[in-house]
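Everything below concerns the one structure shown next.
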There are 2 protein chains.
Amino acid sequence: MTNDDSDKKDDFELQHFLPFLLNQAAEESSLDFQRVYKNRYGMLRTEWRVLFHLGVFGQMTAKEIGARAKIHKTKISRAVRKLEQRRYLTRTRHQDDRRVEWLTLTPAGKTVYHELRGIAEQYDAKLANLFSTDEAALLRRMLRRLAAMD
Amino acid sequence: MTNDDSDKKDDFELQHFLPFLLNQAAEESSLDFQRVYKNRYGMLRTEWRVLFHLGVFGQMTAKEIGARAKIHKTKISRAVRKLEQRRYLTRTRHQDDRRVEWLTLTPAGKTVYHELRGIAEQYDAKLANLFSTDEAALLRRMLRRLAAMD
DNA sequence: GCTTGTTAGTTACAAAAACAACTATTATTC
DNA sequence: GAATAATAGTTGTTTTTGTAACTAACAAGC
């Protein structure tokens with residue numbers, strides 16, 4: 001215990017604490033976009049993330065998606081089931097290793113992906129527009145560094 | 001639909017999408033610290049946030065904490081109850097408006113706050129150390145801007 | 001001063017997340 | 001090649017969150 005016990009205002013600045021700031025910014029920056037995939041497409045965050053990964057990378061396995069986006073396998077499993085029920089993706093067993101299944105977007109899934117992708121790009125541009133081009137680029141680099149994706 | 005329907009890799013860069021990057025960075029950057037207040041003090045994120053607010057600002061109401069940290073009142077309510085059960089804070093009814101209650105840390109609560117605060121400061125320094133001083137300052141400014149806390 | 005509206009905080013119920021245990025299949029080892 | 005371990009994915013149970021409805025106290029209008 002390094003401080004006195006009075007009831008006075010302390011000098012630690014919570015809004016300087018990086019994990020707090022990152023969480024606030026992340027939450028706020030997801031809100032508008034979340035509304036789109038949630039209200040318009042009835043999707044959860046994990047679901048659109050899976051959808052996006054498949055849209056971007058084509059055929060993938062659940063495990064690959066989980067590793068890349070750091071999502072737990074049970075969340076992936078349930079998201080995949082939902083997306084399958086909505087006919088946005090199909091599964092096919094891997095021939096050589098029948099534990100594995102390849103996930104692929106259906107045409108309907110691709111349509112939704114492209115729609116959401118367009119909205120995502122616009123939204124990203126809107127956010128990046130708060131800063132100069134250089135600043136935005138630096139921000140992305142720093143975030144990737146913090147997420148250890150570099 | 002702006003793209004073709006092939007199964008090839010798409011060119012949208014998920015790891016460039018700001019909400020995604022922010023979420024990854026926020027999650028990753030919270031992990032180590034979360035382990036401390038979770039495993040060592042049995043606290044949830046909302047609980048330590050409430051604790052920190054009280055530690056920093058002294059006496060506050062649930063509403064004030066919620067407004068400042070953008071936490072929903074039901075979450076605050078539950079966190080306050082937990083912290084009260086652990087004897088980290090006490091409530092006293094406001095005289096002039098008996099709907100309101102002032103929250104204050106107990107000595108035990110203050111002790112925990114100071115311990116966690118020290119760890120938080122170290123941890124923040126470790127994160128900020130990934131960047132130059134200027135970069136770190138810019139990062140915080142940008143995050144505050146994104147969270148619209150400016 | 002009584003009806004109507006607001007506000008601070010709580011509670012109840014539904015949705016989602018976390019964690020552990022499970023099945024089915026492949027890999028390893030003796 | 002049978003026994004054991006490891007892996008991909010699923011299912012079940014417990015926590016935690018989100019949402020809406022609630023209580024108690026105050027405020028405003030008439």
Side-chain angles (χ1 to χ4, degrees), chain A residues 23-24 26-28 30-32 34-35 37-39 41-51 53-54 59-86 89-104, chain B residues 23-24 26-28 30-31 34-35 37-39 41-51 53-54 57 59-86 89-104:
Chain A
N23 268 293
Q24 298 277 112
E27 230 166 87
E28 188 62 32
S30 299
L31 265 178
D32 287 349
Q34 187 175 23
R35 257 188 292 277
Y37 61 72
K38 195 166 185 181
N39 297 343
Y41 296 92
M43 260 189 249
L44 254 35
R45 199 164 53 138
T46 308
E47 286 156 36
W48 92 250
R49 281 194 180 178
V50 169
L51 187 93
H53 277 266
L54 292 176
Q59 210 172 42
M60 283 182 101
T61 71
K63 201 205 173 179
E64 285 169 347
I65 298 174
R68 186 169 279 273
K70 287 193 196 131
I71 305 174
H72 194 267
K73 59 183 183 173
T74 62
K75 270 166 101 175
I76 305 260
S77 173
R78 279 159 181 149
V80 166
R81 183 167 53 196
K82 270 266 186 73
L83 291 171
E84 191 190 27
Q85 284 168 352
R86 291 212 177 142
L89 63 77
T90 55
R91 329 187 192 209
T92 51
R93 284 258 166 240
H94 188 116
Q95 284 293 24
D96 299 343
D97 184 344
R98 292 171 25 73
R99 289 169 303 184
V100 178
E101 49 189 22
W102 290 110
L103 307 171
T104 329
Chain B
N23 267 293
Q24 299 276 113
E27 231 166 88
E28 187 62 31
S30 299
L31 265 179
Q34 187 175 23
R35 256 187 291 278
Y37 61 72
K38 196 165 186 180
N39 297 343
Y41 297 92
M43 260 189 252
L44 254 34
R45 199 165 50 142
T46 308
E47 286 156 35
W48 90 251
R49 280 191 181 181
V50 169
L51 187 91
H53 277 266
L54 292 176
F57 297 102
Q59 210 172 42
M60 282 184 100
T61 71
K63 199 203 173 181
E64 284 169 349
I65 298 174
R68 184 170 281 273
K70 284 193 197 132
I71 306 174
H72 195 267
K73 58 182 181 172
T74 62
K75 269 167 103 176
I76 305 260
S77 174
R78 282 158 184 154
V80 167
R81 184 167 50 197
K82 270 265 185 75
L83 291 172
E84 192 190 27
Q85 284 168 352
R86 290 208 180 150
L89 64 77
T90 53
R91 329 189 192 208
T92 51
R93 284 258 167 240
H94 188 116
Q95 283 294 21
D96 300 346
D97 185 343
R98 291 169 28 71
R99 288 170 302 185
V100 179
E101 48 190 22
W102 290 108
L103 308 171
T104 330

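FYI, side chains are in, hydrogens and waters are out, and symmetry mates aren't considered; it's all heavy atoms of this structure. Order of the sequence lines fixes the chain letters, A, B, ..., with proteins taken first and strands second; residue numbering starts at 1 for each chain.
Considering only heavy atoms from C-beta on, B/V50 stays 4.5 Å or farther from B/H53 through its side chain. Within the 4.5 Å cutoff, no side-chain heavy atoms of A/K63 are placed close to those of A/E101.
Checking B/Q95, B/H94, B/E64 one by one against B/W102, the side chain to side chain donor-acceptor pair (under 3.5 Å) holds for a single residue, B/H94.
Salt-bridge annotation for B/K70 and A/E27: absent, with no side-chain N of the basic residue lying under 4.0 Å from a carboxylate O of the acidic one.
Atom CZ in A/R98 sits roughly 16 Å away from atom C1' in C/dA27 (whole-Å rounding). Atoms NZ (A/K70) and P (C/dA18) sit 15 Å apart, rounded to a whole Å. Here C/dT25 presents its C1' atom at 14 Å from CD of A/Q95, a figure rounded to the nearest Å.
Positionally, the nearest nucleotide of DNA chain C for A/L44 lies more toward the 5' end than for the other of A/H94 and A/L44.
Heavy-atom minimum distance, A/M43 versus A/E47: CA-OE1, 3.5 Å.
You can see that DNA chain D meets the heavy atoms of chain B within a 4.0 Å-exclusive cut from D/dT16 to D/dC26, reading 5' to 3'.
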When you check every protein heavy atom under 4.0 Å of nucleotides 6-14 of chain C, what one-letter string (B, S, -) results, 5' to 3'?
-> BBSBBBBB-
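Both cation-pi conditions hold for B/R68 and B/F57: the charged atom is under 6.0 angstrom from the six-membered ring centre and inside a 45 degree cone around its axis.
Here the CD1 atom belonging to A/I65 is positioned 13.5 Å from the NZ atom belonging to A/K75, to the nearest 0.5 angstrom. A distance of 6.5 Å separates NZ of B/K38 from CG of B/L44, quoted to the nearest 0.5 Å.
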